[in-house]
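Naming convention: chains lettered A, B, ... in sequence-line order (proteins, then strands); numbering from 1 in each chain.
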2 protein chains.
Amino acid sequence: MHDDPHEVLPAASDDRSPDLRAEAFQGVRAARRNELAEDYVELIAELIHSHGEARPVDIATRMGVTAPTVAKTLDRLARDGLITRAKYRSIFLTEQGRALAKECRHRHEIVLRFLLSLGLDAETAERDAEGIEHHVSERTLELFAAFVSRN
Amino acid sequence: MHDDPHEVLPAASDDRSPDLRAEAFQGVRAARRNELAEDYVELIAELIHSHGEARPVDIATRMGVTAPTVAKTLDRLARDGLITRAKYRSIFLTEQGRALAKECRHRHEIVLRFLLSLGLDAETAERDAEGIEHHVSERTLELFAAFVSRN
DNA sequence: GCGAAATGTTAGACAAGGCTAACAATCTGC
DNA sequence: GCAGATTGTTAGCCTTGTCTAACATTTCGC
């Protein structure tokens, strides 16, 4: 039950701190709740930048979901003050939405560059970055950025 | 709308491949659906290892959720063939559950060590690893492992 | 400028994952 | 060996995020 020869790490896993652990999981759950909003806002900013506007149909295509899913999600984003929208019109980011988009893009780029610096191929890097970016703390992001700079 | 001086990367963001992008997001969503199961199975394995058994109350404490939430989740895990359980008894992993737990522990350790090698403090590393481990591809994991070895 | 195609919305279903309140079973200390 | 504490379960509610089917609006081609 102990002294496992494979046990190399101090194992934060350990009994040492169930509470710290609970906090960690709560943090992860909080991050998970924001992931979708972040993905949407980031994508919307991008579409506006590259196409001049963000239409639900383009969001649906790029997110790989159906139009009604997009509609419902956009309603939530509007409710949460990240976007504004009018029926049958394209979408705009609020000030808050723009700030979030900027932050997300920043994180995304650093994570992506970091993975590329590490030697990962572009496609996998893009995929992994999409998943990882929401779970990287400020400190870690700094370390990633530093690594990119010196490589 | 173009030739943004800040546009340093080839921008997989770009219009170049909405479909590839959609696939990436679908992959992320798939990973998200497994995250919780992985967290539970990993924790259950750990509890069995360190305490001899896995009880719902300990899972609840460490995951930072309430007992009924744990109960419902355990039912799903049982339905999916990852654990077996009997009323008012502690939990066991199936063969499949054990395999998944092992794989998760492996990923977790590599990600954790990687973050530590990069210079991150233990607590943040643990927190970030918890979130990141589910979104790291096989290739990336190999690169992480290689980095750890040579540092 | 009209009709077909494309796009957007609404309604309604469903599963996951969280909660509280209430109850049931087990365990523990005398 | 029983009473109270601890642990586990059930019921029921809520939100999120996905879908399909049906309908509404806008846009585009000619």
Side-chain angles (χ1 to χ4, degrees), chain A residues 18 22-44 47 51-92 130-131 134, chain B residues 18 22-44 47 51-92 130-131 134:
Chain A
E23 270 177 56
F25 276 119
Q26 276 160 357
V28 172
R29 278 200 301 279
R32 275 173 204 166
R33 275 196 305 276
N34 292 322
E35 283 182 56
L36 199 68
E38 293 180 2
D39 286 340
Y40 269 73
V41 163
E42 202 178 345
L43 175 55
I44 290 166
L47 286 171
H51 288 65
E53 62 173 354
R55 298 183 315 159
V57 68
D58 294 322
I59 298 175
T61 305
R62 285 167 180 74
M63 294 288 294
V65 297
T66 61
T69 297
V70 170
K72 221 185 248 187
T73 304
L74 291 177
D75 284 342
R76 278 195 296 270
L77 296 184
R79 182 201 60 192
D80 297 344
L82 295 169
I83 64 171
T84 55
R85 61 193 306 240
K87 262 195 179 184
Y88 298 100
R89 290 279 103 85
S90 69
I91 297 126
F92 299 93
E130 210 70 76
H134 308 284
Chain B
E23 270 177 55
F25 276 121
Q26 275 159 358
V28 172
R29 280 200 301 278
R32 273 173 206 167
R33 276 196 304 277
N34 294 320
E35 283 181 57
L36 199 68
E38 293 180 2
D39 287 341
Y40 269 72
V41 162
E42 200 177 347
L43 176 54
I44 290 167
L47 286 170
H51 288 65
E53 62 173 353
R55 298 183 315 158
V57 68
D58 294 321
I59 298 175
T61 306
R62 284 166 181 74
M63 293 289 294
V65 297
T66 61
T69 296
V70 170
K72 220 185 249 188
T73 304
L74 291 177
D75 284 342
R76 277 193 297 269
L77 296 184
R79 181 201 61 192
D80 296 345
L82 294 170
I83 64 171
T84 56
R85 61 193 306 238
K87 263 194 178 185
Y88 296 101
R89 288 281 101 85
S90 69
I91 295 127
F92 299 92
E130 211 69 78
H134 308 284

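At the phosphate of dG17(D), neither OP1 nor OP2 sits under 4.0 Å from any side-chain N or O atom of Thr73(A). OP1 and OP2 of dC27(C) both lie 4.0 Å or more from every side-chain N or O belonging to Arg55(B). For Thr69(A) and dG17(D), the shortest distance from a side-chain N or O to OP1 or OP2 is not below 4.0 Å. For Arg33(A) and dA16(C), the shortest distance from a side-chain N or O to OP1 or OP2 is not below 4.0 Å. Neither OP1 nor OP2 of dC19(C) sits under 4.0 Å from any side-chain N or O of Arg29(A). Between dG17(D) and Arg76(A), a contact under 4.0 Å exists linking OP1 or OP2 to a side-chain N or O.
Ion pairing of Asp75(B) with Lys72(B) is absent here, as no side-chain N (NZ or NE/NH1/NH2) approaches a carboxylate O to less than 4.0 Å. The pair Asp39(A)-Arg32(B) meets the salt-bridge criterion, since a charged nitrogen lies less than 4.0 angstrom from a carboxylate oxygen.
Comparing dT27(D), dC19(D), dT9(D) by their closest approach to the side chain of Arg89(A) singles out dT27(D). Nearest nucleotide to the Leu36(B) side chain, out of dT9(D), dT10(C), dG18(C): dG18(C). The nucleotide whose nearest atom lies closest to any side-chain atom of Lys87(A) is, among dA25(C), dT9(C), dT20(C), dT9(C). Of all nucleotides listed (dT7(D), dG8(C), dC19(D)), dT7(D) comes nearest to the side chain of Val57(B). Side chain of Val65(A), nearest nucleotide from dG8(C), dG8(D), dT18(D): dT18(D).
The two residues Arg55(B) and Ile91(B) come nearest to each other via the heavy atoms C-CD1, 4.4 Å. When all heavy atoms are compared, the tightest approach of Arg85(B) to Ala71(B) is NH1-O, 3.7 Å.
To the nearest angstrom, P of dT16(D) lies 14 Å from CG of Leu74(A). Rounded to whole Å, the distance from CG on Asp80(B) to P on dA15(C) is 13 Å. Per the geometry, CZ belonging to Arg79(A) stands 15 Å off P belonging to dC14(D), to the nearest Å. Atom C1' of nucleotide dA15(C) and atom CG of Asp75(B) are separated by 14 Å, given to the nearest angstrom. Rounded to an integer number of Å, the gap from Met63(B) CE to dC19(C) C1' is 15 Å. The CG atom of Asp58(B) sits 14 Å away from the P atom of dC27(C) (whole-angstrom rounding). Between Phe25(A) atom CZ and dG18(C) atom C1' there is a gap of 16 Å when expressed in whole angstrom units. The distance between atom CD of Glu53(B) and atom P of dT7(D), rounded to the nearest whole Å, is 11 Å.
Remark on DNA chain D: of its neighbouring residues Tyr88(A) and Thr66(A), the 5'-side contact belongs to Thr66(A), judged by nearest-heavy-atom nucleotide. Comparing Pro56(A) and Ala67(B) along DNA chain C, the residue whose closest nucleotide (by nearest heavy atom) sits nearer the 5' end is Pro56(A).
The line from CD of Glu42(B) to CG of Leu47(B) is 11.0 Å long, rounded to the nearest 0.5 Å. Note that CD1 of Ile59(A) and OG1 of Thr73(A) are 9.5 Å apart. Values are rounded to the nearest 0.5 Å.
At a threshold of 4.0 angstrom between heavy atoms, the contacts of Arg32(A) with the nucleic acid are absent.
Applying the 3.5 Å distance criterion, the base of dG18(C) shares a donor-acceptor pair with the side chain of Lys72(B).
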